[in-house]
Amino acid sequence: MPELPEVETVREGLERHVVGRTVESVTVLHPRPVRRDLRGPAGFGAALTGRRFIAVRRRGKYLWLPLDSGDALLGHLGMSGQLVVQPPGSPDERHLRVRFVLSRSVEDRAQRASRDHVHGPVELRFVDQRMFGGLSISDGGAELPPEIAHIARDPFDPAFDEDLFVGRVRRRTAGIKRLLLDQTLISGVGNIYADEALWRAELHGERSGDRLRPIQVRRVLAEARAVMRAALVQGGTSFDALYVNVNGESGYFDRSLHAYGRESLPCDRCGTPIRRVEFMNRSSFFCPRCQPVPRVRRVPPRD
DNA sequence: ATCGCGACCTGGTTGC
DNA sequence: TGCAACCAGGTCGCGA
């Protein structure tokens with residue numbers, strides 16, 4: 001379940017191993033992951049062949065790789081996506097969907113020789129069991145793909161506007177968890193870190209945005225930052241070399257979770273069993289004592 | 001504009 | 001042992 005920390009870990013890996021390389025060939029093994037690209041699988045591959053990756057950027061859970069053409073390769077990992085860098089010839093992953101064979105230019109080889117000892121071709125592979133994720137080419141999207149212009153800045157973006165976020169949350173009637181998951185308000189937060197941030201802030205996810213004090217919104221934002229920062233530090237150390245993992249490192253971080261996935265286990269603060277409830281067709285975990293359900297029930301408007 | 005829900009996907013796990 | 005139901009959840013699109 002890649003959220004911001006996992007995606008940032010992938011970004012760093014790609015920056016190290018893919019930037020500067022040129023696309024020699026592209027093989028789309030399943031059409032679904034490139035469904036958003038109107039060129040179709042063949043056109044997608046043709047448009048990328050011969051292009052060079054010049055950077056890797058991220059906003060929230062989206063990644064994009066600006067190309068030497070001014071366009072960009074835009075990607076989202078969805079629920080189960082991975083981007084891995086492998087030596088050519090290594091066995092295909094079970095759910096390999098797209099393969100990019102990358103070469104390294106002579107000038108780039110000289111430039112980066114001290115940072116990266118892999119000189120031969122490598123493969124960038126998009127692996128995705130459930131295929132909620134995808135790749136597409138964003139025309140002119142090097143700076144910021146227009147497809148994701150509606151996504152808010154994430155809390156690690158230096159230009160993230162905290163006052164703006166607080167103001168927008170406090171004008172909304174939806175529960176704070178739903179608002180944390182709204183990528184147009186704040187990006188990068190998913191179900192796991194939303195629950196963790198709320199546990200740390202001692203707020204129930206159903207508390208309406210417009211009934212929260214500014215300091216409470218600031219608190220949950222600070223906790224979201226803190227928990228994602230901690231995950232990022234751990235995730236960043238869980239791989240090196242060529243293998244850029246997405247799912248693997250969440251296992252490391254499991255041990256640091258206080259709410260998510262801990263149904264019936266004692267709250268680490270007060271010992272009360274953690275509760276699990278259905279929410280938005282998924283699960284929410286919270287401590288019923290530290291995070292009391294709001295007294296005034298939010299009722300959806302009738303008629 | 002905002003809210004809240006269902007659809008999209010696959011495969012590992014659970015229960016009968 | 002076999003099979004079906006359930007569960008994981010990010011994002012989009014829709015109706016209200």
Side-chain angles (χ1 to χ4, degrees), chain A residues 1-8 10 29-38 58-64 74-83 92-98 126-136 138 145-152 154 164-165 167-198 205-211 224 228 231 246-248 250-251 253-254 257 259-264 276-285 294 297-303:
Chain A
M1 295 140 269
E3 300 182 29
L4 187 153
E6 293 77 22
V7 178
E8 174 59 17
V10 172
L29 293 95
H30 195 298
R32 180 157 176 84
V34 298
R35 65 193 176 282
R36 299 226 163 246
D37 198 302
L38 302 179
R58 182 187 57 74
R59 173 176 286 196
K61 303 166 198 166
Y62 281 93
L63 283 171
W64 70 98
L74 176 64
H76 195 289
L77 301 173
M79 289 286 303
S80 53
Q82 294 173 279
L83 280 166
D92 287 0
E93 291 76 6
R94 183 141 138 85
H95 302 294
L96 176 62
R97 308 303 188 191
V98 184
F126 183 73
V127 179
D128 191 0
Q129 179 213 125
R130 297 173 65 190
M131 297 186 289
F132 281 25
L135 301 173
S136 61
S138 174
E147 295 89 337
I148 60 166
H150 65 289
I151 299 292
D154 63 63
L164 177 67
F165 174 72
R168 292 180 74 184
V169 165
R170 297 189 65 240
R171 269 180 263 116
R172 298 279 292 266
T173 59
I176 182 64
K177 176 162 181 184
R178 193 180 289 276
L179 299 175
L180 286 173
L181 296 176
D182 183 340
Q183 304 293 302
T184 67
L185 290 179
I186 180 173
S187 65
V189 182
N191 199 42
I192 296 174
Y193 297 121
D195 277 2
E196 291 304 303
L198 290 166
E206 293 286 357
R207 301 279 294 270
S208 330
D210 64 357
R211 302 177 73 100
M228 290 197 294
V246 179
N247 291 325
S250 63
F253 197 66
D254 277 353
L257 299 179
Y260 185 83
R262 300 195 69 242
E263 183 179 18
S264 302
R276 171 183 179 274
V277 295
E278 288 238 345
F279 171 76
M280 292 171 77
N281 270 335
R282 57 210 63 187
S283 296
S284 281
F285 299 88
R297 201 165 175 75
R298 295 185 321 103
V299 286
R302 303 275 295 164
D303 303 330

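So you know, we letter chains A, B, ... as the sequences are listed, proteins then strands, and number each from 1.
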Gap between atoms [atom1] and [atom2], on [X] and [N] respectively (whole Å):
X: A/Tyr62; N: C/dC12; atom1: OH; atom2: P; answer: 4 Å
X: A/His150; N: B/dT2; atom1: NE2; atom2: P; answer: 15 Å
X: A/Asn281; N: C/dC12; atom1: CG; atom2: P; answer: 17 Å
X: A/Arg130; N: B/dG12; atom1: CZ; atom2: P; answer: 12 Å
X: A/Leu180; N: C/dG10; atom1: CG; atom2: C1'; answer: 15 Å
X: A/Leu4; N: C/dT11; atom1: CG; atom2: P; answer: 11 Å
X: A/Glu263; N: C/dC6; atom1: CD; atom2: P; answer: 17 Å
X: A/Phe279; N: C/dC7; atom1: CZ; atom2: P; answer: 17 Å

Tell me whether the side-chain N/O atoms of [X] come closer than 4.0 Å to OP1 or OP2 in [N].
X: A/Ser80; N: B/dT10; value: no
X: A/Thr173; N: B/dC3; value: yes
X: A/Gln183; N: C/dT11; value: yes
X: A/His95; N: B/dC9; value: no

query = Any side-chain heavy atom of A/Leu257 sitting closer than 4.5 Å to one from A/Glu196?
reply =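 Yes, side chains in contact.
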
key: Residues that A/Asp182 engages under side-chain contact (heavy atoms from CB on, under 4.5 Å), provided they are two or more places apart   =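 side-chain contact (heavy atoms from CB on, under 4.5 Å) check on A/Asp182 returns A/Arg172, A/Thr184, A/Leu185.
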
ask   = Does A/Ser284 have any side-chain contact (heavy atoms from CB on, under 4.5 Å) partners at least two apart in sequence or in another chain, and if so, which?
value =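 Expected list: A/Lys177, A/Asp195, A/Val277, A/Phe279.
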
query = Could a donor-acceptor pair under 3.5 angstrom be found where the side chain of A/Arg282 meets the base of C/dG10?
reply =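 Such a pair exists between side chain and base.
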
ask   = Hey, are A/Arg58 and A/Asp154 close enough for a salt bridge, meaning a charged N less than 4.0 Å from a carboxylate O?
value =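 Yes.
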
Nucleotide nearest A/Ser283 (side chain, heavy atoms from C-beta), chosen from C/dA8, B/dT10, C/dG10 =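 Nucleotide nearest to A/Ser283's side chain: C/dA8.
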
request  = Consider the side chain of A/Arg94, meaning its heavy atoms from C-beta on, and name the nucleotide among C/dC7, B/dT10, B/dG12 that approaches it most closely.
outcome  =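 Closest nucleotide to the A/Arg94 side chain: B/dG12.
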
Keeping the roles fixed (side chain from [X], backbone from [Y]), state whether a donor-acceptor pair exists under 3.5 Å.
X: A/Arg59; Y: A/Ile151; result: yes
X: A/Gln183; Y: A/Gly60; result: no
X: A/Ser187; Y: A/Ala152; result: yes

request  = Return the set of residues passing side-chain hydrogen bond (donor to acceptor under 3.5 Å, both in side chains) with A/Arg276 (not counting sequence neighbours), or none when no residue passes.
outcome  =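 Residues passing side-chain hydrogen bond (donor to acceptor under 3.5 Å, both in side chains) with A/Arg276: A/Ser283.
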
inquiry  = To the nearest 10°, give me the bend of the helix from B/dT2-C/dA16 to B/dC16-C/dG2, comparing the axes of its five terminal pairs at either end.
reply    =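 End axes: 50° apart.
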
query = Minimum heavy-atom separation for A/Leu77 to A/Val10, with atom names?
reply =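 Shortest heavy-atom separation between A/Leu77 and A/Val10 comes out as CD1-CG2, 4.3 Å.
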
message = What's A/Arg97 touching, base or sugar-phosphate or nothing? Going by heavy atoms closer than 4.0 Å.
response =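 Contact class for A/Arg97: none.
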
ask   = Counting only non-hydrogen atoms, which of residues 30-38 of chain A are less than 4.0 Å from DNA chain C?
value =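 Residues of residues 30-38 of chain A that come under 4.0 Å of DNA chain C are, in numerical order, A/Arg36.
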
inquiry  = I'd like to check the salt bridge (Lys or Arg N to Asp or Glu O under 4.0 Å) partners of A/Asp92; sequence neighbours left out, ordered by chain and number.
reply    =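 A/Asp92 satisfies salt bridge (Lys or Arg N to Asp or Glu O under 4.0 Å) with A/Arg99 only.
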
